[in-house]
Amino acid sequence: MFSWLFLQIFCRISKVIKILLSFALYIVLVIFNKYCTKTMAKVLTKKEENYSQWYNDLVIKADLAENSAVRGCMVIKPYGYAIWEKMQSVLDKMFKDTGHYNAYFPLFIPKSFFSKEAAHVEGFAKECAIVTHYRLKNNPNGKGVVVDEDAKLEEELIVRPTSETIIWNTYKNWIQSYRDLPILANQWANVVRWEMRTRLFLRTAEFLWQEGHTAHETRDEAEKETKQMLNVYTDFAQNWMGVPIIQGVKTESEKFAGAIDTYTIEALMQDGKALQAGTSHFLGQNFAKAFDVKFASKEGKLDYVWATSWGVTTRLIGALVMAHSDNNGLVLPPKLAPIQVVIVPIYRGQEMQDQISETANKIKASLESKGISVKFDNRDTHKPGFKFAEYELKGVPVRIAIGPKDIENNTVEIARRDTLTKDTVSIEGIENVIPDLLDEIQNNIFNKALSFRNSMITKVDSFDEFKDVLNDKGGFVLAHWDGTKDTEDRIKGETKATIRCIPLDVEKEEGKCVYSGKPSKFRVLFAKAY
RNA sequence: CGGGCUAUGGCGCAGUCAGGUUAGCGUACUGGUCUGGGGGACCAGGGGUCGUGAGUUCAAAUCUCACUAGCCCGACCA
């Protein structure tokens, strides 16, 4: 009895001590916390401290996307989706301008279609989602619903990881004669690849993309199409996203399963890792043979159709984020920014607010007449400083601040997101200043990324050097390779670097494989990649 | 899919080891006053089935098991 009482008392005393200690610690933390919020960047992990955490923070805090209740699947939030819509509209126009048109094919693909192209199935089999039943029923043993085992599908359906099979099964019915060619179809769709490790935008179980699927009379025509679309992607990446890329062709082991050749555009992220930003495949007659798609030529001969496919995904948003952004948040290229200019008023009292709003609305209208997207943020619920930080986080390229001093002097303060510099300029002629500034920002962002990228391409001639560069510096490594899968695999095993591509503009150069010492005729591009 | 960690107001966390009265804090939110050229201050207020489900116990945020989701490392991969 006494010992029990003693124990109770002891417990209480130790609890009291614990509480006192926690309280002291808490006070210290609170003070520290207050100090921190006043002196440090508030919301983002620093890029230099933890790059992937910085990326995650950025995507979430800038309101681009968030994780969902479904494993591996993200919710693309309005601001992130607005960027995707801009990408879509630009790309869609580029596709139409090169003679393509849109269509839509089913989400579900009969399982048997996959077994028709053996190489292709190997590439995706391990990450397919499969529909086996078509009905639910109330759980007879309790709450909720269960799968109705009586509603089993005769043939399972695969949720498309890509649409070659369903499309080529369809093209078979569309194509009889050379007069039916070419077919230049594209579809905007979602696809599912059951990824084990996912990251917002970069790798998710479901993602959005476009996939072009074309059919041609001749090999030559299909190859030209493949390269044309690679150039379209290059144009988009460099001139719209401001992301410099390297065009190249994939090695046998890195190419799309089912393709003869896979062409790629490879971008470099700020942490020195490469990211494949788009691919264009020359499929040869592989799918035509698998789905028996023949056409009668002008000479009346039957031949298999030549094919291409090409795609870019919402991963481009990840590339956009990682290519340009800084510790203050996103940096968006003006050509893809949902909001290109934000106007923040600074005022005291209703009267001043009205006065400034009038000026702000005039500026807004004059900029909009030039085709610029402008947001006038006249919320009275947030202070100017808060808004400054918020739009920086969201990467709005240009901010115009208008306060009482500006009204007096007929000026505004213009702040650039890319350089974080501020200037006071006259309101007169601002509708001409801003478009030029947006162009300049677009160019500056690209040039900055380009000089970084160029500084991160290193030629090496020994395997020690190869490893040192990858570990200490990162980026692309140009090295001789003997052309064998074995060497490629070994290098990957030892360094985690893969051959990103054989650059299209590669110079002929006699050399020795950096790993095996065997002869090589040109250098290939290695990097650790996303 | 293997190893490790995690899940507590909207968000970020403490409390869990060692079960015990009314589960706290920051931030966000609501109202008010002062403010306003870089994430404001003060006062008052509301909000939590402690991831889900079972179990142990007089008593579970706390212990056990299963499940779900997330993060990190690996394996796999267009």
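Residue numbers begin at 1 in each chain, while the letters A, B, ... track the order of the sequences.
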So what does [X] hit on the nucleic acid, given a heavy-atom distance under 4.0 Å: a base, only sugar-phosphate, or nothing?
X         : result
Tyr347(A) : base
Arg399(A) : base
Lys405(A) : base
Pro404(A) : base
Lys387(A) : nothing
Gly72(A)  : sugar-phosphate
Thr279(A) : base

Taking atom [atom1] in both [N] and [M], what distance in whole Å separates the two?
N      : M      : atom1 : value
G47(B) : U27(B) : C1'   : 14 Å
C58(B) : G12(B) : P     : 38 Å
G40(B) : A28(B) : C1'   : 16 Å
A23(B) : U33(B) : P     : 34 Å
C50(B) : A7(B)  : C1'   : 10 Å
G36(B) : U52(B) : C1'   : 47 Å
G15(B) : G24(B) : P     : 15 Å
C76(B) : C5(B)  : P     : 24 Å

Can you name the residues that form a salt bridge (charged side-chain N to carboxylate O under 4.0 Å, His left out) with [X], not counting sequence neighbours?
X         : result
Glu254(A) : Arg500(A)
Asp326(A) : Arg417(A)
Glu390(A) : Arg379(A)
Asp418(A) : Arg416(A)

Between the protein and nucleotides 71-76 of chain B, which nitrogen or oxygen pairs are less than 3.5 angstrom apart?
residue, atom, partner, partner atom, Å
C73(B), OP2, Arg197(A), NH2, 2.5
G74(B), OP1, Lys496(A), NZ, 2.9

Spacing between [X] atom [atom1] and [N] atom [atom2], to the nearest angstrom:
X         : N      : atom1 : atom2 : value
Ile343(A) : G37(B) : CD1   : P     : 18 Å
Asn327(A) : G38(B) : CG    : P     : 21 Å
Phe207(A) : C77(B) : CZ    : P     : 16 Å
Phe386(A) : C29(B) : CZ    : C1'   : 13 Å
Ile346(A) : G37(B) : CD1   : P     : 7 Å
Arg71(A)  : C67(B) : CZ    : P     : 12 Å

Nucleotide N/O to protein N/O under 3.5 Å, stretch nucleotides 4-12 of chain B:
none

Give a yes or no answer on whether the side chain of [X] reaches the backbone of [Y] with a donor-acceptor pair at less than 3.5 Å.
X         : Y         : result
Asn361(A) : Ser357(A) : yes
Thr308(A) : Phe282(A) : no
Asn190(A) : Leu208(A) : no
Lys387(A) : Asp377(A) : yes

Please state whether the base of G39(B) and the side chain of Glu390(A) form at least one donor-acceptor pair under 3.5 Å?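 Side chain to base: no pair below 3.5 Å.
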Does any N or O donor sit under 3.5 Å from an N or O acceptor when you compare the side chain of Asp380(A) with the base of G36(B)?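 When only heavy-atom distances are counted, Asp380(A) does reach the base of G36(B) through a donor-acceptor pair under 3.5 Å.
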Specify the residues of [range], ordered by number, for which at least one heavy atom lies under 4.0 angstrom from an atom of RNA chain B.
range                       : answer
residues 259-275 of chain A : Glu266(A)
residues 348-355 of chain A : Arg348(A), Gly349(A)
residues 411-424 of chain A : Glu413(A), Lys422(A)

Pi-cation contact, Phe113(A) with Lys116(A) (under 6.0 Å, within 45°):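 Yes, Lys116(A) lies over the aromatic ring of Phe113(A).
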Under 4.5 Å between any side-chain heavy atoms of Met74(A) and Ile76(A), yes or no?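 Met74(A) vs Ile76(A): side chains touch.
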Nearest-nucleotide wise, let me know which of Arg379(A) and Lys255(A) is further upstream toward the 5' end of RNA chain B.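 It is Arg379(A), whose closest nucleotide lies nearer the 5' terminus.
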Residue of the set Thr495(A), Ile491(A), Thr498(A) for which side-chain contact (heavy atoms from CB on, under 4.5 Å) holds with Phe526(A):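 Per the side-chain contact (heavy atoms from CB on, under 4.5 Å) rule, the option paired with Phe526(A) is Ile491(A), out of Thr495(A), Ile491(A), Thr498(A).
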Return the CG to CD1 distance between Asn444(A) and Ile441(A), rounded to the nearest 0.5 Å.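 Between atom CG of Asn444(A) and atom CD1 of Ile441(A) there are 8.0 Å.
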What pairs meet the salt bridge (charged side-chain N to carboxylate O under 4.0 Å, His left out) rule with one or both residues in residues 190-202 of chain A, with sequence neighbours excluded?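 Pairs touching residues 190-202 of chain A that pass the test: Glu195(A)-Arg203(A).
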Mind checking what makes ring pair (Phe, Tyr, Trp, His ring centres under 6.0 Å) contact with Tyr347(A), not counting sequence neighbours?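 Once residues adjacent in sequence are excluded, Tyr347(A) has no partner under the ring pair (Phe, Tyr, Trp, His ring centres under 6.0 Å) criterion.
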Can you name the ring pair (Phe, Tyr, Trp, His ring centres under 6.0 Å) partners of His281(A), sequence neighbours left out?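 Expected list: Phe256(A).
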So which nucleotide does A7(B) pair with, by the Watson-Crick or G-U wobble rule with both distances under 3.5 Å?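 Across all strands, the one nucleotide that pairs with A7(B) is U68(B).
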Is the closest side-chain donor-acceptor distance between Gln247(A) and Thr264(A) under 3.5 Å?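 There is no such pair (donor and acceptor under 3.5 Å, judged by atom type) between the side chains of Gln247(A) and Thr264(A).
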Assess whether a salt bridge exists between Arg453(A) and Glu266(A), defined as any Lys/Arg side-chain N lying under 4.0 Å from an Asp/Glu carboxylate O.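 Between Glu266(A) and Arg453(A) there is no salt bridge, as every charged N stays at least 4.0 Å from the carboxylate O atoms.
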